[in-house]
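Quick note: numbers below take in every heavy atom, side chains included, and nothing from hydrogens, waters or symmetry partners. By convention here, the first residue in the shown sequence is residue 1.
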Amino acid sequence: MGHDIGHATDPGNRYGDVNQDYCVVQEVYAPGEVPAGHRQIYIAAICDGHGVLGDKAACYAGKTLVRHLYTSCLRNRLLKDLNGEAEKLMSAAFQRGHTAALSLYDDPPKTVRCGGHR
């Protein structure tokens, strides 16, 4: 059974043509790695960046969130068996993504070029 996955986004106009959204869909198992009795699991994240470094913050947050989930116990268990752990796992993943996005401001660039603005 195949899956069609798509997304659409609009960069807006505040920062020129810079699209500050980040979208990712990650398979949890490589082909042939899905455990017997399991189905493929997909991690999907859409992060909406805001501000001068919004595009980078959204990307950092999205990649960190997916990496945290990909390396978690999610790979070895059925979702129905996670019970209350699923909420804790997601909260931890979002917290790590949030921290990654904020880390951009620890050492921000001195200048930022914004898309189509001249």
### Task
Evaluate the criterion side chain to side chain contact (heavy atoms under 4.5 Å, CB included) for residue pair V28 and I43; output intermediate values, then yes/no.
CA-CA 7 Å; V28 172; I43 300 169; 3.8 Å; yes

### Task
Grab the two heavy atoms, one from G49 and one from A58, that are nearest each other, plus how far apart they are.
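Closest approach of G49 to A58, heavy atoms only: N-CB, 3.7 Å.
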
### Heavy-atom pair of closest approach, residues R39 and Y29
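What the structure gives for the nearest pair is O-CE1, 4.1 Å.
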
### Message
Please list all pairs meeting salt bridge (charged side-chain N to carboxylate O under 4.0 Å, His left out) that have one or both residues in residues 23-32, counting only residues at least two apart or in different chains.
### Response
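Of all non-adjacent pairs touching residues 23-32, none passes salt bridge (charged side-chain N to carboxylate O under 4.0 Å, His left out).
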
Separation between [atom1] of [X] and [atom2] of [Y], rounded to the nearest 0.5 Å:
X: H38; Y: E33; atom1: NE2; atom2: CD; value: 11.5 Å
X: Q20; Y: L53; atom1: CD; atom2: CG; value: 9.0 Å
X: L69; Y: L89; atom1: CG; atom2: CG; value: 5.0 Å
X: M90; Y: S72; atom1: CE; atom2: OG; value: 9.5 Å

### By side-chain hydrogen bond (donor to acceptor under 3.5 Å, both in side chains) - contacts of R67 (at least two apart)
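Testing R67 for side-chain hydrogen bond (donor to acceptor under 3.5 Å, both in side chains), a comparison that skips the adjacent residues, returns none.
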
### Partners passing side-chain hydrogen bond (donor to acceptor under 3.5 Å, both in side chains) against Q26 (at least two apart in sequence or in another chain)
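For Q26 there are no side-chain hydrogen bond (donor to acceptor under 3.5 Å, both in side chains) partners, ignoring immediate neighbours.
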
#### Entry: Heavy-atom side-chain contact between F94 and L65 under 4.5 Å
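F94 vs L65: side chains touch.
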
### Task
Assess whether atom OH of Y70 is packed by more than 12 heavy atoms of other residues, nucleotides or ligands within 6.0 Å.
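More than 12 within 6.0 Å, yes.
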
### Message
A quick test of your reading: do over 12 heavy atoms of other residues, nucleotides or ligands sit less than 6.0 Å from OH of Y60?
### Response
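No, the 6.0 Å shell around OH holds no more than 12 heavy atoms from other groups.
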
Under 3.5 Å, which donor-acceptor pairs link side chains of residues 98-108 to any protein atom two or more places apart or in another chain?
from, atom 1, to, atom 2, distance (Å)
T99, OG1, Q95, O, 2.9
T99, OG1, Q95, NE2, 3.4
S103, OG, A100, O, 2.6

